[in-house]
Amino acid sequence: MPIEYDIRLEIGYLYDSPAASTRTLLRMLPLTNGEQTLITGQVSTDPAPDFRRDGVDFFGNATTEIAHDAGKTEFLFRFSGRVRRIPRGTTLDLSCGLAALRAEIQGIQSITPMSPHHFLGESERIRHEPEIAAFAEEVTAPGMSVMAALQAVSHAIHDRFDFDPGATEVSTTPIEAFQNRRGVCQDISQVTIAALRSVGIPAGYVSGFLRTVPPPGQPRLEGADAMHAWVRAWCGMETGWVEIDPTNDMLVGADHIAIAIGRDYADVAPVKGSSRTSGSHRTEHRVDVIPL
């Protein structure tokens with residue numbers, strides 16, 4: 001049965017001194033694809049922008065470009081809406097062997113946004129790292145199916161990483177997180193992508209929401225949910241794209257709601273832009289994912 005969610009996302013910025021002439025690109029509107037549908041939703045800003053343009057980027061993610069010309073000390077970006085999510089059925093392993101994947105990729109002539117070719121080489125935030133490649137070769141074998149290799153990498157990273165929100169920043173590189181064996185979902189996902197690409201598996205980054213379930217007998221906490229990140233990997237012509245959550249070592253299910261897909265975090269950041277200001281600033285982040 002499909003599950004519907006009411007979702008609210010708020011991202012706020014507070015500046016010590018007025019930020020003048022800001023330019024911002026937002027990716028906050030959930031995707032509509034084969035497994036989820038945006039029923040209704042709106043991205044809004046406070047204060048209202050002097051310029052706004054809504055569009056779609058190369059990978060099909062909804063974008064909102066905004067500009068504020070007057071000096072401001074506070075900005076609040078909001079999404080509110082409803083999404084219908086279809087629970088994923090059991091994923092049978094119909095993927096080709098890992099040793100045969102290269103030939104299947106070469107058989108794809110298309111370079112559309114979902115072509116595996118875009119997700120195989122280096123990207124802005126994910127470079128080839130010999131140390132991560134050696135790890136990936138250690139936990140996989142050419143005789144494995146691509147699906148088995150994907151799950152082996154996810155399991156090994158989940159087993160060796162500690163989830164630690166204080167260990168990394170948004171600018172932390174995959175190799176830094178890998179060497180420290182600590183990080184958050186962004187770090188774990190980007191290390192996983194680097195590992196998969198190093199053994200020839202096209203892999204990309206997904207940003208979105210993960211509904212959290214309170215302990216039995218306890219009420220759900222407002223704002224307890226968080227933005228999340230996971231991985232999509234191309235497992236051959238027969239299977240296509242499969243999504244996996246290495247932070248929780250599980251295939252993506254009905255509690256995962258996607259906002260944007262890309263090669264790494266740089267392609268999907270919910271807020272990206274520039275401003276002229278001095279002094280420091282802080283960010284506030286709030287998410288509610290409420291099943292109906």
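Here, residue 1 is the first one in the sequence, and each next residue gets the next number. Values below: all heavy atoms of this structure, side chains included; hydrogens, waters and symmetry mates excluded.
- Take Asp249 and apply the side chain to side chain donor-acceptor pair (under 3.5 Å) test, not counting sequence neighbours, and it matches Ser154, His155.
- With contacts defined as side-chain heavy-atom distances shorter than 4.5 Å, the pair Ile175/Ile132 qualifies.
- Taking the side chain to side chain donor-acceptor pair (under 3.5 Å) definition, one finds that Glu124 meets it with nothing, sequence neighbours left out.
- Rounding to the nearest 0.5 angstrom, the gap separating the OG1 atom in Thr168 from the CZ atom in Arg182 is 10.5 Å.
- In terms of modelled atom types and a separation under 3.5 Å, the side chain of Glu284 and the main chain of Gly12 share no donor-acceptor contact.
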key: salt bridge (Lys or Arg N to Asp or Glu O under 4.0 Å) evaluation trace for Arg286 with Asp288   = CA-CA 7 Å; Arg286 176 186 174 94; Asp288 286 308; 3.5 Å; yes
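- Put simply, Val184 and Ile244 are part of the same group of oily side chains (I, L, V, M, F, W, Y) that touch within less than 4.5 Å, one to the next.
- Residue pairs meeting the ring pair (Phe, Tyr, Trp, His ring centres under 6.0 Å) criterion with at least one member in residues 122-148, sequence neighbours excluded, are Phe135-Phe178.
- Comment: Arg125 does not engage Asp264 in a salt bridge, judged by the lack of any side-chain N to carboxylate O separation of less than 4.0 angstrom.
- Leu29 and Leu210 fall into different hydrophobic clusters, where Ile, Leu, Val, Met, Phe, Trp and Tyr residues are linked whenever their side-chain heavy atoms come under 4.5 Å apart, directly or through other members.
- Using a 4.5 Å cut-off on side-chain heavy atoms (C-beta onward), Ile108 and His117 make contact.
- The side-chain heavy atoms of Ile105 and Trp234, taken from C-beta on, include a pair separated by under 4.5 Å.
- Applying the 6.0 Å contact sphere to CD1 of Ile111 captures no more than 12 heavy atoms from other residues, nucleotides or ligands.
- Considering only residues two or more places apart in sequence or on other chains, Thr283 meets the side chain to side chain contact (heavy atoms under 4.5 Å, CB included) condition with Ile11, Tyr13, His281.
- Taking the side chain as every heavy atom from C-beta outward, Pro270 and Met227 approach each other to under 4.5 Å.
- Heavy atoms of other residues, nucleotides or ligands lying less than 6.0 angstrom from CD of Gln179 number more than 12.
- The two residues Asn61 and Asp267 make their nearest non-hydrogen contact at ND2-O, 4.3 Å.
- A 4.5 Å side-chain heavy-atom check between Val146 and Val242 finds every atom pair outside the cut-off.
- Side chain of Thr24 to main chain of Ile66: no donor-acceptor pair is present (N/O by atom type, distance under 3.5 Å, no hydrogens or angles).
- Remark: of the listed residues Phe75, Phe77, Tyr15, Phe75 is the sole one forming a ring-ring contact (aromatic ring centres under 6.0 Å, His included) with His68.
- Aromatic ring pairs are classed by plane angle as parallel below 30°, tilted from 30° to 60° and perpendicular above 60°; the pair Phe59 and Phe119 is tilted.
- Under a hydrophobic-cluster definition in which Ile, Leu, Val, Met, Phe, Trp and Tyr are linked whenever side-chain heavy atoms come within less than 4.5 Å, directly or via other members, Phe163 and Ile157 are assigned to the same cluster.
- Residues Asp255 and Pro291 have side chains not in contact (no heavy-atom distance under 4.5 Å, counting atoms from C-beta outward).
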Gln151 and Leu251: CA distance, side-chain angles, deciding distance, side chain to side chain contact (heavy atoms under 4.5 Å, CB included) verdict = CA-CA 9 Å; Gln151 292 176 311; Leu251 292 174; 4.2 Å; yes
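- The closest donor-acceptor contact from the side chain of His118 to the backbone of Thr112 lies under 3.5 Å.
- The number of heavy atoms from other shown groups lying within 6.0 Å of CZ (Arg53) does not exceed 12.
- Using a 4.5 Å heavy-atom cutoff, the side chains of Ile259 and Val268 are not in contact.
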Distance-only criterion, 3.5 Å: show the donor-acceptor pairs between side-chain atoms of residues 43-52 and protein atoms not counting sequence neighbours.
{"unit_1": "Thr45", "atom_1": "OG1", "unit_2": "Pro47", "atom_2": "O", "d": "3.1"}
{"unit_1": "Asp50", "atom_1": "OD2", "unit_2": "Asp69", "atom_2": "N", "d": "2.6"}
{"unit_1": "Arg52", "atom_1": "NE", "unit_2": "Asp54", "atom_2": "OD1", "d": "3.4"}
{"unit_1": "Arg52", "atom_1": "NE", "unit_2": "Asp54", "atom_2": "OD2", "d": "3.1"}
{"unit_1": "Arg52", "atom_1": "NH1", "unit_2": "Val43", "atom_2": "O", "d": "2.8"}
{"unit_1": "Arg52", "atom_1": "NH2", "unit_2": "Val43", "atom_2": "O", "d": "3.0"}
{"unit_1": "Arg52", "atom_1": "NH2", "unit_2": "Asp54", "atom_2": "OD1", "d": "3.2"}

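- For Glu138, the salt bridge (Lys or Arg N to Asp or Glu O under 4.0 Å) test picks out Arg160, with sequence neighbours left out.
- Side-chain contact between Leu9 and His285: present, with at least one pair of heavy atoms (C-beta onward) separated by less than 4.5 Å.
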